[in-house]
Amino acid sequence: MRSNGSRTHSVAVLGAPFSKGQKRRGVEHGPKAIRDAGLIERLSHLDFPVQDFGDLSFQHLEEDEPYMHVLFPRTVGRASKLLSGAVGNAVGAGHTAVMLGGDHSLAIGSVEGHAKQCPDLCLIWVDAHADINTPFTSPSGNLHGQSVAFMLKELQNKMPELPGFSWVKPFLSAKDLVYIGLRDVDPGEYNILKDLGVQYFTMRDIDRLGIQRVMEVTFDHLLSRKQRPIHLSFDIDAMDPSLAPATGTPVNGGLTYREGIWITEEIHNTGLLSVMDLVEVNPALGASREAVESTASMAVDIIASALGQTREGGPITQESQTLKEDTEQLRL
């Protein structure tokens, strides 16, 4: 599925140094680690202007009692509302937005702000986890494992009114969501995925089908009716922990480097990427400086590839794409 050119005209980078969607400190330093690994310089070699808008400044409320057993609901709700406005403004100004987390609860704001500008968007969620628990099914109470539940219209009646979230109204249909890389799904989440008929690919599915077929089915599912903006929400823990160890909830048996980059290259090739999140890089959890650097540099590679960096070395241009397709035609 390819368009006649990339949607990327200019890129806005937004840092979201926030950690209250889960209990482990350090993930608020993710944006700095990703920038320190050379993100802005790498993007500057591609074919479009890049603006780094710096980091959003989040307030941490002194008093934020758990609700049911959900932790820091007011703080998380307020942070996501702030991020929603920032992402909405960036997209409204014509940028492709890249949000650097922080933890995955931020996606509530990122996707919501994007949807305000592009109500017909679709969501590709690349993650070891489904993050679709509700406050009733969540084993931990951590909001980074409940992000998608806030978005889905089909779960509207399953969500209690959490303090801090009165501003969020569900905006996404289950059919407009695809998961890639799942390998640690809670029982309540599994039931939700099955009940709603969500399209998802576990690591076993990727082993069975191959990543090329997984992406073909993903685009067929999301884009065959019409071309529309893509929101890519990429949790670094989708990658195998040997490649990205500095993260809060690593799970063995993740995506290889080549699978991760294939996903982002193919999303770029559609020309439809509109907003991207890269979350859960936690420099405090690397066992060594090398572990932190390899995780942050993996994040940079994923983002650059989603924005057009190719493994041949240059950005994908229409000319190089046509040449490649001609060459492939010759080989057939």
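Counting begins at 1 with the first residue of the sequence. These numbers come from the heavy atoms of this one structure, side chains and all, not from hydrogens, waters or symmetry mates.
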Distance (rounded to the nearest 0.5 Å) between Phe48 CZ and Leu43 CG: 5.5 Å
To the nearest 0.5 Å, what is the distance between CG on Asp36 and CD on Glu293? 9.5 Å
Could you tell me whether the side chain of [X] and the main chain of [Y] form a donor-acceptor pair under 3.5 Å?
X	Y	value
Ser44	Glu41	yes
Asp220	Glu216	no
Ser84	Ser80	no
Thr137	Gly188	no
Tyr67	Leu162	no

Applying side chain to side chain contact (heavy atoms under 4.5 Å, CB included) between Leu232 and each of Ile302, Ile180, Thr264, report the one that passes. Thr264
As a test of understanding, state which of Val178, Leu172, Leu222 forms a side chain to side chain contact (heavy atoms under 4.5 Å, CB included) with Cys122. Leu222
Quick one: list whatever passes salt bridge (charged side-chain N to carboxylate O under 4.0 Å, His left out) with Asp64, sequence neighbours left out. Arg74
Salt bridge (charged side-chain N to carboxylate O under 4.0 Å, His left out) partners for Asp184, two or more places apart: none
Could you give me the CA-CA distance, side-chain angles and deciding distance for Thr247 and Glu280, then say whether side chain to side chain donor-acceptor pair (under 3.5 Å) is met? CA-CA 6 Å; Thr247 189; Glu280 299 283 358; 4.9 Å; no
Check: Asp131/Ser147 side-chain N/O donor and acceptor closer than 3.5 Å: no
Indicate whether the side chain of Asp186 and that of His129 have a donor and an acceptor atom separated by less than 3.5 Å. no
May I ask you to check whether over 12 heavy atoms, not counting those of [X], lie within 6.0 Å of atom [atom1]?
X	atom1	result
Tyr190	OH	no
Arg225	CZ	yes
Glu290	CD	yes
Lys158	NZ	no

Under 4.5 Å side-chain heavy-atom separation, chaining through any Ile, Leu, Val, Met, Phe, Trp or Tyr, what else clusters with Val292? Say none if it is isolated. none
Kindly determine whether Thr218 and Gln199 satisfy side chain to side chain contact (heavy atoms under 4.5 Å, CB included), including the steps that lead there. CA-CA 8 Å; Thr218 295; Gln199 174 74 68; 5.8 Å; no
Please walk me through it: do Arg208 and Asp205 pass salt bridge (Lys or Arg N to Asp or Glu O under 4.0 Å)? CA-CA 5 Å; Arg208 186 169 55 88; Asp205 295 325; 3.2 Å; yes
Aromatic ring pairing His104/Trp125, orientation class (parallel under 30°, perpendicular over 60°, tilted between): parallel
Transitive ILVMFWY side-chain link Phe150 to Ile132, under 4.5 Å: no
Verdict with reasoning, Phe72 to Leu143, per side chain to side chain contact (heavy atoms under 4.5 Å, CB included): CA-CA 8 Å; Phe72 312 115; Leu143 278 164; 5.8 Å; no
Show, in sequence, the C-alpha distance, side-chain angles and deciding distance for Asp301 and Tyr257, and conclude whether the side chain to side chain contact (heavy atoms under 4.5 Å, CB included) test is met. CA-CA 9 Å; Asp301 288 355; Tyr257 184 92; 2.8 Å; yes
Take Lys116 and Val87 through the side chain to side chain contact (heavy atoms under 4.5 Å, CB included) test and state the conclusion after the steps. CA-CA 10 Å; Lys116 278 219 164 74; Val87 169; over 6 Å; no
